[in-house]
Amino acid sequence: MLYTWITALNLVKNNWTEYANNIVPNSTGVNDVYQIVMNAFEPVRFKVGQMVTSTGSLIGAGIGMMYAISKTNRVKYKSIYISGGLACLLTGVTEPIEFIFMYTAPLLYLAHAVMTGMAFRMADLVPMRIHAFGAIEIIMKYFLVLGPTTLITDNIKTNLWLDGCWFILVSALFLAIYFGIFYGLTKRLKPNIPGVGEEVNIVFSLTPNQKETGGGNDKIIHKIVSLLGTAENIEEVDCCMTRLRVVVKDDKKVVDKFKEETGAIGVIKQGKYYQIVYGPKVSIYKEKIDEYLSDQIAEGEEKY
């Protein structure tokens with residue numbers, strides 16, 4: 001929609017002289033019609049709705065959820081909320097915060113869906129013609145490259161300072177609203193998000209006894225490795241925001257009981273490539289599996 005508007009505005013400004021004179025009698029030219037179009041419509045308003053969500057709404061959601069969990073758990077899990085919020089703010093990508101609650105807390109996601117619709121509606125009511133994907137692009141585009149008076153190209157100049165102020169105010173408003181909603185719902189409903197629900201208490205190293213028996217807090221890590229056909233069968237381990245991504249050497253050795261025995265939400269198999277869905281805690285699992293595999297390799301080298 002943005003580029004359609006920009007093209008149309010450039011056509012009005014540069015090519016529609018005769019049309020301008022017919023629409024605005026005794027006008028000075030296309031600039032009069034161009035100004036009518038600029039005053040009558042708000043280009044890029046739909047994109048601004050998404051920007052309010054990523055730079056305001058989801059920041060408030062992350063802070064609200066983080067402060068709703070206990071102080072003890074907050075120390076352990078705050079990095080998930082802080083890093084996710086920074087990713088949303090700086091890049092405009094919403095998934096780092098949305099993936100924290102969208103699969104395990106449907107009521108939070110429902111509230112988010114309703115409020116997102118309101119953010120898009122605000123973008124239609126308030127003059128906010130800012131177009132970017134996150135704070136980094138806003139700074140680069142409007143302060144370092146194009147300038148704060150450029151809508152999108154050097155051919156279309158307009159004053160965006162007021163639009164920018166409105167954008168900041170609306171984003172701050174939605175941040176405050178989201179904080180209240182997500183803080184209250186998390187406190188009341190106790191959804192299964194990091195720091196609430198089922199907690200994963202993983203120690204920082206495995207004792208020799210735990211490696212053999214899978215005892216203690218590292219039992220789930222030992223179980224995941226075991227179901228994948230032991231450490232020798234694991235070729236590569238990685239993860240995204242919610243999925244443990246594993247490449248195995250022999251898929252026939254894998255026992256697909258991840259849901260029953262490790263609490264996985266789902267399993268996707270493509271040959272020797274497995275995606276096991278655990279939610280936001282998967283980054284902790286991945287880190288601990290890497291440590292476990294490193295210890296196994298070290299033990300093997302000592303034997304030789």
* **hydrophobic_cluster_shared for M102 and I268, side chain cutoff 4.5 Å** => no
* Asked: After noting the C-alpha distance and the side-chain angles of K249 and E235, does the key distance pass the salt bridge (charged side-chain N to carboxylate O under 4.0 Å, His left out) rule?
  -> CA-CA 6 Å; K249 298 176 182 178; E235 189 169 309; over 6 Å; no
* Candidate pair I59 and C88, rule side-chain contact (heavy atoms from CB on, under 4.5 Å), full reasoning -> CA-CA 7 Å; I59 307 303; C88 289; 4.2 Å; yes
* Salt bridge flag under 4.0 Å for residues E291 and K288 -> yes
* I224/L244 under side-chain contact (heavy atoms from CB on, under 4.5 Å): CA gap, chis, key distance, verdict -> CA-CA 10 Å; I224 292 173; L244 184 68; 4.1 Å; yes
* To do: To the nearest 0.5 Å, tell me how far E287 CD sits from D290 CG.
  => 8.0 Å
* Any side-chain donor paired with an acceptor under 3.5 Å for T186 and Y67? -> no
* To do: Give the intermediate values and the outcome of side-chain contact (heavy atoms from CB on, under 4.5 Å) for residues I69 and Y81.
  => CA-CA 11 Å; I69 62 180; Y81 298 97; 4.3 Å; yes
* Would you call the rings of F101 and Y109 parallel, tilted or perpendicular if under 30° counts as parallel and over 60° as perpendicular? -> tilted
* Asked: Got a sec, which pairs hit ring-ring contact (aromatic ring centres under 6.0 Å, His included) with one end in residues 235-275, sequence neighbours left out?
  -> none
* Would you call H112 and I181 a side-chain contact if the rule is heavy atoms closer than 4.5 Å? -> no
* Asked: Short question: side chain of K272, backbone of D250 - any donor-acceptor pair under 3.5 Å?
  -> no
* Honestly curious: do L107 and L58 fall in one hydrophobic cluster under the side-chain, below-4.5 Å linking rule? -> yes
* **K269 NZ: over 12 foreign heavy atoms closer than 6.0 Å** => yes
* Does L227 belong to the same Ile/Leu/Val/Met/Phe/Trp/Tyr cluster as V247, with side-chain heavy atoms less than 4.5 Å apart forming each link? -> no
* Side chains of R245 and V237: does their closest heavy-atom pair fall under 4.5 Å? -> no
* Flag side-chain contact, heavy atom, 4.5 Å: V267 against V277 -> no
* When hydrophobic residues are tied together by side-chain contacts of less than 4.5 Å, even through go-betweens, does L189 share a cluster with F179? -> yes
* Find out whether F167 and T55 are in side-chain contact, i.e. whether some heavy atom of one side chain is under 4.5 Å from a heavy atom of the other. => yes
* To do: Please round to the nearest 0.5 Å and tell me the distance separating atom OG of S79 and atom CE of M66.
  => 10.5 Å
* Is the number of heavy atoms from other residues, nucleotides or ligands within 6.0 Å of NZ (K187) greater than 12? -> yes
* Structure fact -> Tightest non-hydrogen contact, residues T53 and F120, listed as OG1-CE1, 4.5 Å
* Asked: Does V255 share a hydrophobic cluster with I220, counting links as ILVMFWY side-chain heavy atoms below 4.5 Å and allowing steps through other members?
  -> yes
* **Separation between CD1 of I100 and CD of E98, rounded to the nearest 0.5 Å** => 10.5 Å
* **Test side-chain contact (heavy atoms from CB on, under 4.5 Å) applied to I284 and Y77, step by step** => CA-CA 10 Å; I284 301 174; Y77 290 100; 4.2 Å; yes
* Can you see which heavy atom on G266 is nearest to which on K259, and at what distance? => CA-CE, 3.6 Å
* Asked: Where the side chain of N233 meets the backbone of V248, is there a donor-acceptor pair that is under 3.5 Å apart?
  -> no
* Is there side-chain contact between R243 and V282, with heavy atoms separated by less than 4.5 Å? -> no
* Would you check, one step at a time, whether the test side chain to side chain donor-acceptor pair (under 3.5 Å) holds for Y285 with T262? => CA-CA 11 Å; Y285 286 180; T262 67; over 6 Å; no
* Atom pair CD1 (I63) and CD1 (I97), whose distance is rounded to the nearest 0.5 Å -> 9.0 Å
* Which of parallel (below 30°), tilted (30 to 60°) and perpendicular (above 60°) describes Y178 and F174? -> tilted
* Determine whether P96 and V93 make a side-chain contact, defined as any pair of heavy atoms from C-beta on separated by less than 4.5 Å. => yes
* **Contact check, side chains of Q50 and S54, non-hydrogen atoms, under 4.5 Å** => yes
* Structure fact -> In short, A231 meets V225 closest at the heavy-atom pair N-CG1, 3.5 Å
* Asked: Could you give the distance from CD (Q275) to CG (D238), rounded to the nearest 0.5 Å?
  -> 10.5 Å
* Structure fact -> Rounded to the nearest 0.5 angstrom, the NZ-OG distance for K219 and S226 is 13.0 Å
* **Test item: Y292 and H222 side chains (from C-beta on) under 4.5 Å apart, heavy atoms** => yes
